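Since we're looking at a predicted model, the values are computed, not measured. Quick note on labels: first sequence line is chain A, next is B, and so on, each numbered from 1.
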Amino acid sequence: MPVPETAVPPSVDVPRLHDAVLDWFAVHARDLPWRSPDCPPWGVLVSEIMLQQTPVVRVLPRWHAWLERWPTPADLAAAPTADVLTAWDRLGYPRRALRLQEAARAIVERHGGEVPADPSALRALPGIGEYTAAAVSSFAFGLPETVVDTNVRRVIARAVGGQALPGRSLTRAEMRRAHALMPEDPDRAQAWNAGVMELGALVCTARSPACERCPLADACAWVAAGSPPPEQAPRGQAWAGTDRQVRGAVMAAVREHGRVAGDGLRAVVVAGGRLGAHRPGDAQWERCVAGLLADGLLARDDDGAFAFPS
DNA sequence: AAAGCGGGGCT
DNA sequence: AGCCCAGCTTT
């Protein structure tokens, strides 16, 4: 039986990290609406879903419109799905919009219309994984959950692990380390979660970190090692000519035109210009449309015309 | 563990 | 032309 690797090296002064991050956060935290004391848990939940793989600046206007239109889970649960997909606009990954509505319906049915505080109950909702469950529980309800997103992973990988970037996927060892770094006091735990994320978003960024402005620079294992470059080259994300581009163009066309005749959809999509020079072949076109129908993102009416599902 | 899934802005 | 972003689900 091998000796388990210690989650945090003994050389790391954990209380000092806490003070540094909490002091920095108290001064530099952005004034985001879902952090307001007036923001209900539903607003936090909506923000977390929208922020999955989508930057804050793009989420802000959609979030405000969303909360104004559907101020409670019951409001979203009762909305036509077509309206939900249209309001999602161009945030990307529109399946998130479907799942958010499914989650709202589950909240109405299983939780009396109130967003649950328990991470397990949150995790059981559609579209809510390990991160989002912990984030809502911590940020909306102040429970001392361990919140680990891409920002937290990067800050810990550098400051404690001495690595330039974390690996491709979140490991159990990383979760253990993040858990070991949590402050005991619940209020400080909540601020730590938000503060480390904010530090990763504003200072300890992926591409060109501003170490001269970082409150952890003196204690950072990566800086101490001379800030070596990342060992693992990132996996490139292809876009032009992919199914994702074609699916996105179809969604954009339906969003803009509403209902599109079945034999005209392809022409509308190509004319939309979102595909650039790419022209999908028959096989790709059929695959993408069939996929959107199967995903519940697209529907056909009795005349065979395409539209968002009602 | 890896692949699929959107879209835009920045280097 | 890449790379990145408050991930989740399925294989």
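Taking 4.5 Å as the limit, some side-chain heavy atom of A/Val148 sits within range of a side-chain heavy atom of A/Arg153.
Put simply, CZ on A/Phe25 is 14 Å from P on C/dA6, counting in whole angstrom units. Rounded to a whole Å, the CZ atom of A/Arg168 is 17 Å from the P atom of C/dG7. The separation between A/Glu130 atom CD and C/dC8 atom P is 8 Å, rounded to whole Å. Rounded to whole angstrom, the span from the CD atom of A/Glu145 across to the C1' atom of C/dA6 amounts to 16 Å. Between the P atom of C/dC8 and the CG atom of A/Asp295 lies a distance of 18 Å, rounded to the nearest Å. Separating the CG atom of A/Leu51 from the C1' atom of C/dC8 is a distance of 15 Å, rounded to the nearest angstrom. Put simply, CG on A/Asn151 is 7 Å from P on C/dC5, counting in whole angstrom units. Protein atom CG of A/Leu60 is 12 Å distant from nucleotide atom P of C/dA6, rounded to whole Å.
At the heavy-atom level, A/Ala135 lies nowhere under 4.0 Å from the strands shown. Using a 4.0 Å heavy-atom distance criterion, A/Thr205 is classed as making no nucleic acid contact.
When the salt bridge (charged side-chain N to carboxylate O under 4.0 Å, His left out) test is applied to A/Asp301, the partners found at least two apart in sequence or on another chain are A/Arg259. In this structure, the ring pair (Phe, Tyr, Trp, His ring centres under 6.0 Å) partners of A/His28, at least two apart in sequence or on a different chain, are A/Trp24. In this view, A/His278 and A/Gln284 satisfy the side-chain hydrogen bond (donor to acceptor under 3.5 Å, both in side chains) rule, not counting sequence neighbours. The salt bridge (charged side-chain N to carboxylate O under 4.0 Å, His left out) test applied to A/Glu286 returns no partner, not counting sequence neighbours. Partners of A/Arg95 under the salt bridge (charged side-chain N to carboxylate O under 4.0 Å, His left out) rule, at least two apart in sequence or in another chain, are A/Asp295. With sequence neighbours excluded, the residues forming a salt bridge (charged side-chain N to carboxylate O under 4.0 Å, His left out) with A/Arg266 are A/Asp282, listed by chain and number. Listed by chain and residue number, A/Cys211, A/Cys220, A/Ser227 satisfy the side chain to side chain contact (heavy atoms under 4.5 Å, CB included) test with A/Val223 (two or more places apart in sequence, or in another chain).
No side-chain donor-acceptor contact under 3.5 Å links A/Arg176 and A/Thr171.
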Measure all distances between protein nitrogen or oxygen atoms and nitrogen or oxygen atoms of nucleotides 9-11 of chain C, and list the pairs falling under 3.5 Å.
from	atom 1	to	atom 2	distance (Å)
C/dT9	OP1	A/Gly127	N	2.8

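Contacts classified as side chain to side chain donor-acceptor pair (under 3.5 Å) and involving residues 112-121 of chain A (residues at least two apart or in different chains) are not found.
Taken residue by residue, residues 28-44 of chain A places heavy atoms nearer than 4.0 Å to DNA chain C at A/Arg30, A/Leu32, A/Trp34, A/Arg35.
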Counting primed atoms, P, OP1 and OP2 as sugar-phosphate and everything else as base, the B/S/- map of nucleotides 6-11 of chain B against protein heavy atoms under 4.0 Å is BBS---
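One P atom belongs to C/dT10, the other to B/dG6, and the distance between them is 15 Å to the nearest Å. Separation of the C1' atoms belonging to C/dA6 and B/dA3 is 22 Å when rounded to the nearest angstrom.
Checked against the 6.0 Å centroid threshold, A/Trp66 and A/Trp88 count as a close aromatic pair.
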Just distance, no hydrogens or angles: give the donor-acceptor pairs under 3.5 Å from side chains in residues 132-139 of chain A, sequence neighbours left out.
from	atom 1	to	atom 2	distance (Å)
A/Thr132	OG1	A/Gln52	NE2	3.0
A/Ser137	OG	A/Ala117	O	2.8
A/Ser138	OG	A/Asn193	ND2	3.1

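Considering only side-chain N and O atoms, A/Arg154 lies under 4.0 angstrom from the phosphate OP1 or OP2 of C/dC5.
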